[in-house]
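Side chains included, hydrogens not; waters and symmetry mates left out as well; all remaining heavy atoms used. We're numbering straight along the sequence, starting at 1.
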Amino acid sequence: MFSPTYLLSSSSLYVLLVLLSCFYGGFSSAPTKIGKGYRLISAEETPDGGFLGHLQVKQKNNIYGPDIPLLQLYVKHETGDRLRVHITDAEKQRWEVPYNLLPREQPPALKQTIGRSRKNPLTVSELAGSELIFSFIADPFSFAVKRKSNGQTLFNSSSGGSDSFGEMVFKDQYLEISTQLPKDASLYGLGENTQPHGIKLYPNDPYTLYTTDVSAINLNTDLYGSHPVYMDLRNVGGQPFAHAVLLLNSNGMDVFYRGNSLTYKIIGGVFDFYFFSGPTPLGVVDQYTSFIGRPAPMPYWSLGFHQCRWGYHNLSVVEDVVENYRKAQIPLDVIWNDDDHMDGHKDFTLNPVNYPRPKLLAFLDKIHSRGMKYIVIIDPGIGVNSSYGVYQRGIANDVFIKYDGEPYLAQVWPGAVNFPDFLNPKTVAWWGDEIRRFHELVPVDGLWIDMNEASNFCSGKCTIPKGKQCPSGTGPGWICCLDCKNITKTRWDDPPYKINASGLQVPIGFKTIATSAVHYNGVLEYDAHSLYGFSQAIATHKALQGLEGKRPFILSRSTYVGSGKYAAHWTGDNKGTWEDLKYSITTVLNFGMFGVPMVGADICGFYPAPTEELCNRWIEVGAFYPFSRDHANYYSPRQELYQWKTVTKSAQNALGMRYKLLPYLYTLNYLAHTSGAPIARPLFFSFPAYKECYGLSTQFLLGSSLMVSPVLEKGKTSVKALFPPGSWYSLFDMTQTIVSKGQYFTLYAPLHVVNVHLYQNTILPMQQGGMISKEARMTPFTLIVTFPAGASEAQAKGNLYLDNDELPEMKLGNGYSTHVDLYATLKQGSVKIWSEVQEGRFALDKGWKIEKITVLGLSRSVDTSGLEINGSPVANGASNIELTSVEQMHLQDVEDGVGKKKSLIVSLSGLNLYVGKKFDMSMKMGVQG
């Protein structure tokens, strides 16, 4: 839904940032050093193999408040590839991300008495694990983390007397710590923001983390999510090494990346660092999601195409949209409602005039019978209305966030609202009951939780005005009409250090919940603010899973570390511009690294208005987002894909391919759930040694080997794309081959063409597609096997996961899933292809078959007389198997003007191989001509 908080053009925001940079010292100025740091005064080994120390402040000062005099340091190698460094007040419990929200080991309890006298001076010491080494200097205290295998320093908080940064600072409302960095390190992460420079972090760009309802069209601004984690990729003598650093802290923070250093400035909480050793990018994400929670399993239909719009005024409009997609022969799995279905914008209600329940239920029966799904929006703000049952039950159960002992009053779409406190167990139970009641009213298939940063149209302490209607019912619904007063009386509303909130250093309570408001058990909104959407997603997931025992689908705008375990994400309120199309790729790739792989941007843009050409190009990108949805603003012209004939054609083409790739995408979802592997990935995930792709933000991979190279500029009919070394085959025209030494190629890309290439050494499972995933899923399989073009020896592999996608768990061993590993070799003139099947019964019961196998890159054709399947020769003419060979064209031959290289596509069709039963096939290549 529309984010009304404030909209700035990119240019005006940039000017404001420059002015603020000059006025406040900014993100690029020399850092101000605060204090002399701490000294280590005691150290001991803990029974669990950790290290426990105490730090004493060296020289007190009152900049940003008094120092905390004594700190507790706890260090532990929690696993072979994960190191934790935890620093907190030694004498008083401090706020941390709740251990019930993000389960993890507890540090040792604070000691009641601590010897303050200095022990024997400590200079340098180490605590080694299997992959990482922790070391420290006692005075002034600093610590470093090194890679054991090569001694490389990954993190070093010592200033070393340089001007880059100062010593560690730990005050109640201001924490600061820094690390040195080599200038050639490539950093990624620290979101959520729209990064104009692409996926690599850019020195001196502002990185502020504080969940905020600010439109995603604002660049370098703290947006809807907070993910204080970065991946660091370094190339040492041609060998790549990746690691990640998570600072588990939910308070607002500025992160200053200056190229040779990185500094955190945080307004509360603790230092709770986790270091993940990698050394591959995939290994980093595996280790990270092992800690924060594996990405949620998604139902199969969620990988289909979704259509939404704010402004489907009545049910007949929604019915027309579904029917028009059918007429246009554009695939569609899910139809969505923004708040148009609601009665007065109130959660869990139906508009009795525009969405009468009997007609809506009849519509849902109709689309459900086809296999389509229906999802609606829920905002967290509950309308203050004495005749509204949801509100009445909320008040009765005491579920709302408080201010001065009363439910905190805010304004969102229904007008005056209270916000549920999802840190309260009673709220979680009440929320689950409201979702159950609503599901009985309308059998929705998933929920969309929006505005959960939380967004508020007002600021401060508000009351409902007397004698006037609020909102008035005319004009924009996001104008504050409550009677409000600014709150500046507490240090929580006006902290001593001002983070760069919204890119403008606005007060941290601006257009959100007052930061001195109180949650369950006295928790301050000041501390818990950025956890609001995360805690709502957990409560919503629990509620949906408890309804019918089905696999939930939740889409959340606000996210935090661990949100991917419960929800998908979209990139928020973008605009129909070429720039926004380009930015979307970076944000999607970032969220894959954040452990939220089911992510996409609003296709064609949320704000008005995309051009026809732009919408063509956007569906060619969006058809390959993990989460693929067209969504538009209330004030936008209609932009369903069938609105233009040219876009219809591009959608048929791009979504047609997506629906053929659904088994591959679903297998990637399984790999994400079991190993954290992103669905959409930067190229450096598969080619970490190839430095040229470290900053590449205009192309991406699906899985390890399917590369999308879209047109992202107006008026272009070609695209210059980088191809890492090896053989690449066009998925739309497999006769088109590129053998790259690691170089750019110019690809033909007229309006209806998107370039998608499959890398060598891959086996890609595909089906025949369809207008809906339910139908596409039951079509025969094709396997695409890719060898390096013209190779005499090679191997390829792939896999396939199939299950009952309604079951909440995505795993083997329940009798409702099958996993297939696929292998192929090329050796001594013979091609062998075989499978290994785990728990094949499910696939056999479904009757899935492989009907065709296509092998790419062979130097010569296959002799059918040598064909064997499962050890038995296939006699010529005695079966329905057909063999065809087609010569491939090599693009570099055309570009380089050299002699034509030769490779072939060989296809075997008419096969009858059961997916759920292992097979082996061999065939001999003909004599070299």
Side-chain angles (χ1 to χ4, degrees), residues 286 294-304 333 371 549-553 597-598 626 658-677 679 702-706 762-770 772-785 795-824 832-854 869-871 908-909 911-921:
D286 186 1
R294 296 296 196 195
M298 293 291 156
Y300 200 88
W301 53 262
S302 68
L303 294 166
D333 259 78
K550 290 185 179 181
R551 189 175 300 174
F553 178 83
M598 188 63 166
R658 180 186 182 91
Y659 274 63
K660 291 177 183 177
L661 290 169
L662 285 176
Y664 178 64
L665 292 172
Y666 194 66
T667 301
L668 292 178
N669 176 217
Y670 172 72
L671 293 175
H673 179 58
T674 53
S675 71
I679 297 173
L702 288 176
S704 62
S705 53
L706 198 63
T762 301
I763 303 179
L764 176 70
M766 297 176 69
Q767 287 173 286
Q768 294 180 1
I772 190 167
S773 65
K774 180 182 178 181
E775 297 170 359
R777 196 177 191 195
M778 298 314 298
T779 59
F781 279 83
T782 294
L783 302 182
I784 311 295
V785 181
Q795 58 184 17
K797 60 183 179 180
N799 51 14
L800 175 64
Y801 176 81
L802 303 155
D803 72 358
N804 176 350
D805 68 312
E806 289 196 336
L807 294 178
E809 293 190 61
M810 190 181 222
K811 64 177 185 179
L812 291 170
N814 59 11
Y816 295 95
S817 55
T818 294
H819 188 271
V820 184
D821 286 302
L822 300 160
Y823 303 94
K832 294 185 178 180
I833 303 167
W834 72 98
S835 70
E836 298 289 342
V837 179
Q838 296 179 66
E839 302 180 34
R841 174 54 55 192
F842 175 73
L844 287 171
D845 288 346
K846 291 290 184 181
W848 280 308
K849 292 181 181 180
I850 299 165
E851 191 177 76
K852 185 178 180 180
I853 295 178
T854 297
I869 296 178
N870 296 328
L908 288 168
S909 56
L911 299 171
N912 193 31
L913 304 172
Y914 282 98
V915 171
K917 188 176 180 181
K918 69 177 184 178
F919 72 88
D920 63 81
M921 172 189 297

Nearest heavy-atom contact between Arg658 and Leu303 is NE-O, 2.7 Å

Quick check: closest heavy atoms across Arg777 and Asp803, and the distance to 0.1 Å? NH2-O, 2.7 Å

Tell me, please, which residues at least two apart from Glu809 pass side-chain contact (heavy atoms from CB on, under 4.5 Å). Lys811

Sequence neighbours excluded, which residues qualify as ring pair (Phe, Tyr, Trp, His ring centres under 6.0 Å) partners of Tyr659? none

From Leu668 atom CG to Ile679 atom CD1, the distance as rounded to the nearest 0.5 Å: 6.5 Å

Would you say the side chain of Ile869 lies within less than 4.5 Å of the side chain of Leu913, judging by non-hydrogen atoms? yes

Minimum heavy-atom distance between Pro808 and Pro297, given as atom pair plus value: O-CG, 3.5 Å

Only counting residues at least two apart or in another chain, list the ones meeting side-chain hydrogen bond (donor to acceptor under 3.5 Å, both in side chains) with Thr854. Ser907

So how far is it from Met766 CE to Ile784 CD1, rounded to the nearest 0.5 Å? 6.0 Å

Non-neighbouring partners of Asp845 that pass salt bridge (Lys or Arg N to Asp or Glu O under 4.0 Å), sequence neighbours left out: Arg841

Test your reading of the model: is there a side-chain donor-acceptor pair from His673 to the backbone of Pro295, 3.5 Å cut-off? yes

Gap between atom OG1 of Thr782 and atom CG of Leu764 - 0.5 Å precision: 9.5 Å

Is the closest side-chain donor-acceptor distance between Asp333 and Ser773 under 3.5 Å? yes

Can you list the residues that meet the salt bridge (Lys or Arg N to Asp or Glu O under 4.0 Å) rule with Glu775, with sequence neighbours excluded? none

Asn814 vs Asn804 side-chain heavy atoms within contact, under 4.5 Å: no

Checking Asp805 side chain against Tyr300 main chain: does a donor-acceptor pair fall under 3.5 Å? yes

Taking only residues two or more places apart in sequence or in another chain, which ones pass ring pair (Phe, Tyr, Trp, His ring centres under 6.0 Å) with Phe842? Trp848

Can you name the nearest heavy-atom pair linking Leu800 to Thr667, along with the distance? CA-OG1, 3.5 Å

Evaluate side-chain contact (heavy atoms from CB on, under 4.5 Å) for Phe919 paired with Asn870, printing each intermediate quantity in order. CA-CA 6 Å; Phe919 72 88; Asn870 296 328; 3.5 Å; yes

Residues forming a side-chain hydrogen bond (donor to acceptor under 3.5 Å, both in side chains) with Asn799, sequence neighbours excluded: none

Once ring pair (Phe, Tyr, Trp, His ring centres under 6.0 Å) is applied, do any residues pair with Tyr823, and if so which ones, sequence neighbours excluded? Trp834

Return the minimal non-hydrogen interatomic distance between Met298 and Arg551, and the atom names on each side. O-NH1, 3.1 Å

How long is the gap from CG on Leu822 to CD on Glu836, to the nearest 0.5 Å? 10.0 Å

If you round to the nearest 0.5 Å, how far is CG of Leu911 from NZ of Lys852? 10.0 Å

Mind checking side-chain contact (heavy atoms from CB on, under 4.5 Å) for Ala796 and listing every partner two or more places apart, or none if nothing turns up? Ile763, Val785, Phe787, Ala824

Return the set of residues passing side-chain contact (heavy atoms from CB on, under 4.5 Å) with Leu812 (not counting sequence neighbours), or none when no residue passes. Tyr670, Tyr801, Ser817, His819, Gln838, Glu839

Of all heavy-atom pairs linking Ala843 and Leu802, the shortest is CB-CD1, 4.2 Å

Does Ser302 reach the main-chain N or O of Pro299 with its side chain, forming a donor-acceptor pair under 3.5 Å? yes

For Thr779, enumerate each residue passing the side-chain contact (heavy atoms from CB on, under 4.5 Å) test, keeping only those at least two apart in sequence or located in another chain. Gln767, Gln768

The criterion is side-chain hydrogen bond (donor to acceptor under 3.5 Å, both in side chains); which residues satisfy it with Ser705, sequence neighbours excluded? Thr762

